[in-house]
Amino acid sequence: MQHSPSKASAFWKGKGKEPAQDYDDLRPTITYRHLYSHNLGVRDPLRVVALCDSDAFYAACERVRLGLDPSVPLVVQQWESLIAVSYPARKFGISRMDKIKDAKKKCPEIVAIHVATYKEGEKEPGYWPDVDTRTHKVSLDLYRRESNKIIQFFKQALPSGEIEKASIDEAFIDFTRPVREVLLKRFPHLAQVPPDAPHGVDSPLPPPPPIDWSELGELIPLRPAEEDEDREPHFAEDDVTCTWHDVALSIAAELMAKVRHDVHENLGYTMSAGISRNKFLAKLTASNKKPNSQSILRNSAIPTYLRPIGFQKIRFLGGKLGDALAKEYDVSTVGDLLAVSLDEMQNRFGDSALWVYELLRGIDRSEVKEKSALFKSMLASKNLPTPITKAADGHQWLRVLAAELALRLKEAREEMPTLWPKTIALHARKGYEASRSKQSAFPFTHEVTVDVIATAADKLWKELTGNMKNLNVTAVQLAFTGIETPESGQQSIEGFFKSKEPPRSPFKRTRPGNDEIPPEADPLQIMTELHESASSTFFLCERCNQTISASEMERGEADHVTALAKLRMEHDDFHFAQDLANGSDIQAPKRRKTKEPTGIARFFIKKK
DNA sequence: GTGGATGAG
DNA sequence: CGCTCATCCAC
């Protein structure tokens, strides 16, 4: 253990909890069996997770859209407020809390872009000269689209890495598998259990090589920077020898740096990343240095890094739970809370206690899980500075909201053509009164047009406001809920969507025993054609069932064919690498796992 | 099916 | 901050 034992155990004297368990798992023994196991999940001692988020994302989107130089100070405004401030603008002391007036005072030459808006009667959002909260509604569409491009880029670059879009500007990446592939390729001797290994496959791995971190990002230090020279150091730097997990982190850092670089080259966005052993720590680490940087938190640096952090900055502790914890124990940092025993916390906080207790100790068992790209709901809303008093006004606003939903569904269907909203719901609020809502089944039509949505919305509006004396509606929300894909619903829907295509054989609902899918029945092929009509350039890899898109990233290429050929070669390289790793896997007791289909394909294969 | 609570950003 | 969005759960 790297931190002072005396200090650590002092905390626990008389608490009845074993201090030994505190940071117990930071230096686990890693064996060949661990290395060869592909399905240890969150218990994998070589697990590596990254959180990657775009710097000042909305501002960057507008900067890219307008082709502006990255050095120009830019803000994105929503009415009189700011919703994004570029890093150059932050140098002038402008913050998101400022009003646009303040920003211009602080930096007269600031470029201020008003977020795109829907306007009554317009089908698509735009950048209008006369934005007015009384007649317009903001659209975040551009940012959603750019966000999706980045996610697609991640998926293409890391075919075996799980990607979880965490918000419009952040994604978690599970590097565990990509790292293993590189690890086995780079250290081929690990692919064989040495004949003289004392416990066979359960023998510890040999000592890892030294690591040159210099090009890989910011290393979170093992000790607090402010620690005095004259004070007895808790331990010398070299007390902590590097581990195979550190090697894994370093490989993930290489891969992350490459992806960040490529996204910047191709899409123009800079990103900051944090790399560590789980989601919680990756997220925390990402905030270490911004913009355009990446930080690495080794296991051995975890206790020191966590101790001084205000726990209310931690994801999910920023709200009531965090407040309650702070009040209950009158403390503010992670270190303070370490003194609270699990029993004590459980008495006061019940079920959430264990989760918090572990978080404070750098343990987070949550998985990086692709959010199946499907949202369960899609909502367009508008607060009305001048309340609706006439039914006709209500009708107009509903059309605006309907236009937004129509466009967003249409866009979502470009990726996932079978997306289906089961219900539509309308919420309306009067002043400070609680909002009322009505919902109904959404009609089953192929083309979901503004009119179809607006008609359904109008009906709900009547039900909602029919017997109101004076409608003084100050907020309206229109939402699709219960959004599904056909394979989770009934068969009939499937046929419905298919009918858009020229006649062909029905979708196969289950996958044949081998990897062959008859071309006629290949759902991916159908999706492929749908996709092509949307003008993107890509190919389908038969081996990993993935669509590899070249639409945006290869735009520098002279022609699509060249771009595509290049892309395919790179992708084949990946398979070569994977084969290499797998091929030397002979000592491992594991059967090679058949790769799960990813992307669109997943939605056409029945779940077990 | 409706409405509220929570939380992110 | 005001606004926009998403999810979960009690009733």
Side-chain angles (χ1 to χ4, degrees), chain A residues 51 53-61 75-85 94-103 114-118 125 131 133-134 136-144 147 164-172 272 279-280 283-284 286-287 290 312-324 351-352 366 369 371-385 397 400-401 404-405 408 412 421-430 432-442 460 463-464 474-483:
Chain A
L51 183 281
D53 72 282
S54 297
D55 302 318
F57 185 54
Y58 290 2
C61 289
V75 293
V76 181
Q77 59 181 117
Q78 176 178 291
W79 317 131
E80 300 310 307
S81 316
L82 304 185
I83 54 174
V85 182
I94 300 169
S95 91
R96 257 187 79 194
M97 300 299 108
D98 289 332
K99 297 290 187 190
I100 182 65
K101 251 181 127 180
D102 307 325
H114 195 284
V115 62
T117 52
Y118 289 88
V131 287
T133 180
R134 290 169 302 181
H136 296 60
K137 180 205 174 303
V138 316
S139 162
L140 304 177
D141 220 57
L142 171 66
Y143 315 134
R144 286 194 202 99
S147 174
E164 175 183 330
K165 187 173 173 181
S167 76
I168 197 155
D169 67 348
E170 316 177 307
F172 288 102
S272 300
K279 291 171 74 175
F280 154 61
K283 167 90 182 166
L284 213 54
S287 65
K290 291 180 171 188
Q312 285 172 301
K313 284 194 297 192
I314 294 173
R315 207 165 71 128
F316 302 128
L317 293 183
K320 299 222 164 168
L321 180 55
D323 269 344
D351 283 345
S352 34
S366 61
K369 201 101 188 111
K371 292 264 187 37
S372 24
L374 61 78
F375 11 105
K376 297 179 179 75
S377 67
M378 188 182 280
L379 178 144
S381 68
K382 172 69 187 173
N383 289 344
L384 302 149
W397 275 120
V400 173
L401 298 181
E404 167 158 6
L405 288 185
R408 282 175 58 188
K422 282 205 317 213
T423 55
I424 182 169
L426 177 67
H427 295 244
R429 185 166 50 81
K430 297 175 68 179
Y432 289 111
E433 289 177 36
S435 82
R436 303 270 329 204
S437 72
K438 281 285 175 192
Q439 57 189 301
S440 65
F442 190 68
L460 295 170
E463 293 177 35
L464 214 49
T474 55
V476 281
Q477 308 183 308
L478 191 62
F480 286 140
T481 57
I483 297 174

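Here is the naming used below: chain letters follow the sequence lines, and residue numbers restart at 1 for every chain.
In this entry the distance linking CG of Asp169(A) with P of dA8(B) reads 14 Å, nearest Å. Taking atom OH on Tyr58(A) and atom C1' on dG2(C), their separation rounds to 14 Å, with Å as the unit. Taking atom NZ of Lys283(A) as the reference point, atom C1' of dA8(B) lies 8 Å away to the nearest angstrom. In this structure, Ile168(A) places its CD1 atom 19 Å from P of dC3(C), rounding to the nearest Å. What separates CD1 of Ile83(A) from P of dG9(B) is a distance of 15 Å, to the nearest Å. Rounded to an integer number of Å, the gap from Leu478(A) CG to dC5(C) P is 11 Å. In this structure, Leu82(A) places its CG atom 14 Å from P of dG2(C), rounding to the nearest Å. Put simply, CZ on Phe172(A) is 12 Å from P on dA8(B), counting in whole angstrom units.
With dT4(C), dA6(C), dG7(B) as the choices, the nucleotide that has an atom nearest any side-chain atom of Leu379(A) turns out to be dA6(C). Here dG1(B) is the nucleotide among dT6(B), dT4(C), dG1(B) with the atom lying nearest to any side-chain atom of Gln439(A). Proximity note for Leu140(A) (side chain, C-beta onward) versus dA8(B), dT7(C), dC5(C): the nearest is dC5(C). Nearest to the side chain of Trp79(A), among dG9(B), dC5(C), dT4(C), sits dT4(C).
Of the options Lys283(A), Lys279(A), Lys369(A), a salt bridge (Lys or Arg N to Asp or Glu O under 4.0 Å) to Glu164(A) is made by Lys279(A) and by none of the others.
The CG atom of Leu142(A) sits 10.5 Å away from atom OG of Ser147(A), with the distance rounded to the nearest 0.5 Å. Considering CZ of Arg429(A) and CG of Leu384(A), their distance stands at 9.0 Å, rounded to 0.5 Å. Between Leu478(A) atom CG and Leu405(A) atom CG the span is 5.0 Å, to the nearest 0.5 Å.
Put simply, Lys438(A) has a side-chain N or O that comes within less than 4.0 Å of OP1 or OP2 on dT2(B). Regarding contacts with the backbone of dG3(B), a side-chain N or O of Arg436(A) is found under 4.0 angstrom from either OP1 or OP2. Phosphate proximity of dC5(C) to Arg144(A): present, with a side-chain N or O under 4.0 Å from OP1 or OP2. Side-chain nitrogen and oxygen atoms of Ser381(A) include at least one within less than 4.0 Å of the OP1 or OP2 phosphate oxygen of dC5(C). Regarding contacts with the backbone of dG9(B), every side-chain N or O of Lys313(A) stays at 4.0 angstrom or more from both OP1 and OP2. In terms of phosphate contacts, Ser437(A) brings a side-chain nitrogen or oxygen within less than 4.0 Å of OP1 or OP2 of dG3(B). The side chain of Gln78(A) places no N or O atom within less than 4.0 Å of a non-bridging phosphate oxygen (OP1 or OP2) of dT4(C).
One finds no salt bridge joining Lys320(A) and Asp323(A) here, because no Lys/Arg side-chain nitrogen approaches an Asp/Glu carboxylate oxygen to under 4.0 Å.
Within 4.0 Å of Glu404(A), counting heavy atoms only, lie sugar-phosphate atoms of the nucleic acid but no base atom. In this structure, Arg408(A) reaches the sugar-phosphate backbone alone: every heavy-atom distance under 4.0 Å involves primed, P, OP1 or OP2 atoms, never a base.
Partners of Ser366(A) by side chain to side chain donor-acceptor pair (under 3.5 Å), not counting sequence neighbours, listed by chain and number: Asp364(A). With sequence neighbours excluded, no residue forms a side chain to side chain donor-acceptor pair (under 3.5 Å) with Ser287(A).
Take the nearest nucleotide of DNA chain B for Gly322(A) and for Thr423(A): the residue whose nucleotide is more 5' is Thr423(A).
Below 30°, between 30° and 60°, or above 60°: for His114(A) and Trp79(A) the angle between ring planes is between 30° and 60°, a tilted geometry.
Listed by residue number, there are no residues of residues 95-102 of chain A with a heavy-atom contact under 4.0 Å to DNA chain B.
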